[in-house]
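Report on one structure; see the data block that follows.
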Amino acid sequence: MYEAFIDLDELIVRCRDKQAKKFIKEAVACYRAGAYRSCIVATWNAVVFDFLHKLRELELLEDKEASKLLEQFEKLSSEKKFKELWQFESDIPKKALNPFELISTVEMSDIERLFEDRSRCAHPSMTSLEEPFEATAELARYHLRSAITHLLERPPVQGRAARERIFQYINSEYFPTDSELAIKYFQKSPLARARLALIKDVVIGLTISLLTEDLPEDEKARQFSAIHAISSMYPEQTREILNDKMSDIILNKVVDTNWDKVIIYLGKVKIWDSITEPCQLKAIAFIEKLKIFERKWFEFNESPSSDSLDILSMATRIGFLKQTIDTKLQLPLEELLSLKKNCQYQLQYNSINEIIKPLLEKFIPKATFNELISMRSEGDCSLNDKIKPYLMEKIKEASLEEILDGLSQIIQEDKLLYESFEQRLLFLLENTSLEQLLEARKYYLYSSSCTKVSTVISRLNESVIKFLERLEFNDLLSVKYEYRQQFFEDFLKDILKPIFQNNKLEIVRRFVSSNSFSDSEFYAKLLIEITDNLSNEQWKYILKVFFENHYIHNSFFCARIFESLFKKSITLNVCIQADWRSFRENLDDFSTIKKNLKDINRLKQVIDTYLPVE
């Protein structure tokens, strides 16, 4: 099979059976000594012993034909029926072809010729006495090579049985998906020193399966591993098979819905040289109609389909599709950036990235700040350098959110650009309202796009604190009131708590003077934050005012807040239990005029739990 001159010593090494190898060594020794008749006789002896050895191997695999033939041979041998044994030997080429498929029809002719020439060499009576048979060096070497390459070097299973066994190996979930490991696997299988017919059957079988069947990913990986291993073991044979048969398989067996499989196959299996023009035209039409973007049920906008990206990445490996892909990717900037976002950090899409980069460059002069940031590519200095001067101009008018987003994507090694971002950020942070700072903080807390969220939040926190430090106490109360219902109340509470504790007298005064239900609720909550610093007199004043100010005792929330105040006072162990008992007694009288008895009764129950009636 496309092999050049083979050294005699290599022929010896190729023999599988030890007994057959022994006779081949003898044949080679005869050849080198010029005893060509003896060389041919020893070569035939090796064929006989190799055939018997293969029958024994097949018998172990429960091959009934092999068992029957071995039994026949052993019976003839034990009964010394030499005529029948001679006939058994003469039938070896035919038996090797059918039923065992160990050799092809052409190879059978070579083995039959070896048997005939062996008989001429071993039995002079079979030739003319006047013109005895002359075995030449060329003839002896021809028989040596034929015997080994056709039979002695091959495993006992070829033909249909070999095909079935190989596909059993590949279908096993333990077959390696690494082609290098698959080669080692096949070297101990019927594919070792395989006939062209077997290689062809396996390659075509795998090709048809990969092009026409909806296979699970693991099975698909095993089949690609197998075909890569075979193409490495038999590159010329595999190339010839695919060049000859693949186009017909594609045109005759692949339906339109399976053309994605064709592109993936052509991209992964690189050993083919060409396919016919009709196949190329169908492949081009498929890529032209391929829908790159799709809208998923949980998304508002369309995004690149991972299946389409897989197909495109394979298509970039196919020479005749290059121009079609270049045309396909002439997209609006928004779609190109979406592609870049999905491809830039995935190695398998690197070929798509390389096509996208020059397309992006055309949009640089008219791109917005955010678009320029999205165009930048980590590690691509050439593209980044082209973007840089335009980005430096856009920085001057960029918003706080844009600067924060951009800064998270700029590395400090680019000093000039990084410093420009920092300067703009400092200016914005010092000249931005508290509302904008808090809104920006809210955005980044829930942002999944920012790569340095913790750093951004830290910078915003620092700016909020500096802003609050510049405010008067009344303004701070307004801030607290304005944002009391929003998610960053806890954040503000941590910052404002020390300030409020230092202004406890004012907070108590404002609570007792509440002139609306919302005010009473707001200042009651502030009391909880400053309970650590309240004096006994202040506690007494607060408990007294509960009954005096109708905006407090009629408030829907104040009774509940007083539950928290009571529990906090118990935890702090302040000496006002007598005042709380008095407060509890007043609640009994008060309940007759209170409309919302449910909250008042709950407050009484809480107090009774901790301070049983004496």
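Position 1 is the first residue of the sequence, and the numbers go up from there. Computation of the quantities below employed the complete heavy-atom set of this structure, encompassing side-chain atoms and omitting hydrogens, waters and symmetry-equivalent molecules.
The minimum heavy-atom distance between Tyr349 and Ser313, with the atom names listed, is CD2-CB, 3.9 Å. Contact record, Cys279 with Leu251: SG-CG, 3.5 Å, taken as the closest heavy-atom pair. Closest of all the heavy-atom pairs between Ile170 and Arg222 is O-NE, 2.9 Å.
Taking the centre of each ring, Trp86 and Phe115 come in below the 6.0 Å mark. In this structure, the ring of Tyr174 has its center no less than 6.0 angstrom from the ring center of Tyr185.
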Quiz item: Can Glu180 and Lys184 be said to form a salt bridge (Lys or Arg N to Asp or Glu O under 4.0 Å), step by step?
Solution: CA-CA 7 Å; Glu180 293 299 320; Lys184 295 179 180 179; over 6 Å; no

Exercise. Please report the C-alpha distance between Asp17 and Lys54 in whole Å, then the side-chain angles of each, then the deciding distance to 0.1 Å, and finally whether the salt bridge (Lys or Arg N to Asp or Glu O under 4.0 Å) criterion is met.
Key: CA-CA 9 Å; Asp17 178 52; Lys54 283 180 167 59; over 6 Å; no

Exercise. Go through Lys253 and Asp248 one step at a time and tell me if the salt bridge (Lys or Arg N to Asp or Glu O under 4.0 Å) criterion holds.
Key: CA-CA 8 Å; Lys253 292 186 177 295; Asp248 289 338; over 6 Å; no

Exercise. Apply side-chain contact (heavy atoms from CB on, under 4.5 Å) to Glu134 and Arg37, showing your working.
Key: CA-CA 8 Å; Glu134 291 291 338; Arg37 291 189 183 88; 3.7 Å; yes

Practice problem: Applying salt bridge (Lys or Arg N to Asp or Glu O under 4.0 Å), run through Glu236 and Arg239 and close with a yes or a no. | Solution: CA-CA 5 Å; Glu236 294 302 321; Arg239 179 176 284 106; 3.6 Å; yes

Self-check item: Residues Phe51, Phe73; criterion ring pair (Phe, Tyr, Trp, His ring centres under 6.0 Å); working and verdict
Solution: CA-CA 12 Å; Phe51 181 70; Phe73 171 77; 9.4 Å; no

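Rounded to the nearest 0.5 Å, atoms CD (Glu334) and CD (Glu302) are 10.0 Å apart. Taken to the nearest 0.5 Å, the CD atom of Glu371 stands 11.0 Å off from the CD1 atom of Ile387. The distance from the OG atom of Ser351 to the CZ atom of Arg317 is 7.0 Å, given to the nearest 0.5 Å.
A donor-acceptor contact under 3.5 angstrom links the side chains of Gln330 and Lys362, judged on distance only. Side-chain contact check for Ser231 and Thr238: no donor-acceptor pair (N or O, by modelled atom type) lies under 3.5 Å. For Ser209 and Gln223, the side-chain atoms include at least one donor-acceptor pair closer than 3.5 Å. Checked by atom type, the side-chain pair Tyr169/Ser189 shows no donor-acceptor distance below 3.5 Å. If you check the side chains of Gln87 and Asp91, you find a donor sitting under 3.5 Å from an acceptor.
Within a 6.0 Å sphere centred on CD of Glu213, heavy atoms belonging to other residues, nucleotides or ligands number more than 12. For CD of Gln323, the number of neighbouring non-hydrogen atoms (other residues, nucleotides, ligands) closer than 6.0 Å is 12 at most. Within 6.0 Å of NZ on Lys328 lie more than 12 heavy atoms contributed by other residues, nucleotides or ligands. Remark: Lys200 NZ is loosely packed, at most 12 non-hydrogen atoms of other residues, nucleotides or ligands lying under 6.0 Å away. No more than 12 heavy atoms of other residues, nucleotides or ligands shown are found within 6.0 angstrom of NZ on Lys22. Heavy atoms from other residues, nucleotides or ligands lying under 6.0 Å from NZ of Lys95 number 12 at most.
Panel note: side chain Lys386, backbone Glu361; no donor-acceptor pair is recorded below 3.5 Å. No side-chain donor-acceptor contact under 3.5 Å links Asp50 to the backbone of Ala46. Side-chain atoms of Ser305 do not come within 3.5 Å of backbone N or O of Glu294 as any donor-acceptor pair.
Ion pairing between Arg120 and Asp117 holds under the 4.0 Å rule for side-chain N and carboxylate O.
Relative ring orientation between Trp272 and Phe320 is described as perpendicular, the plane-to-plane angle rising above 60° on a 0-90° scale split at 30° and 60°.
Side chains of Val202 and Ile230 form a contact here, defined as non-hydrogen atoms less than 4.5 Å apart. Residues Phe293 and Leu331 meet the side-chain proximity criterion, which asks for heavy atoms closer than 4.5 Å.
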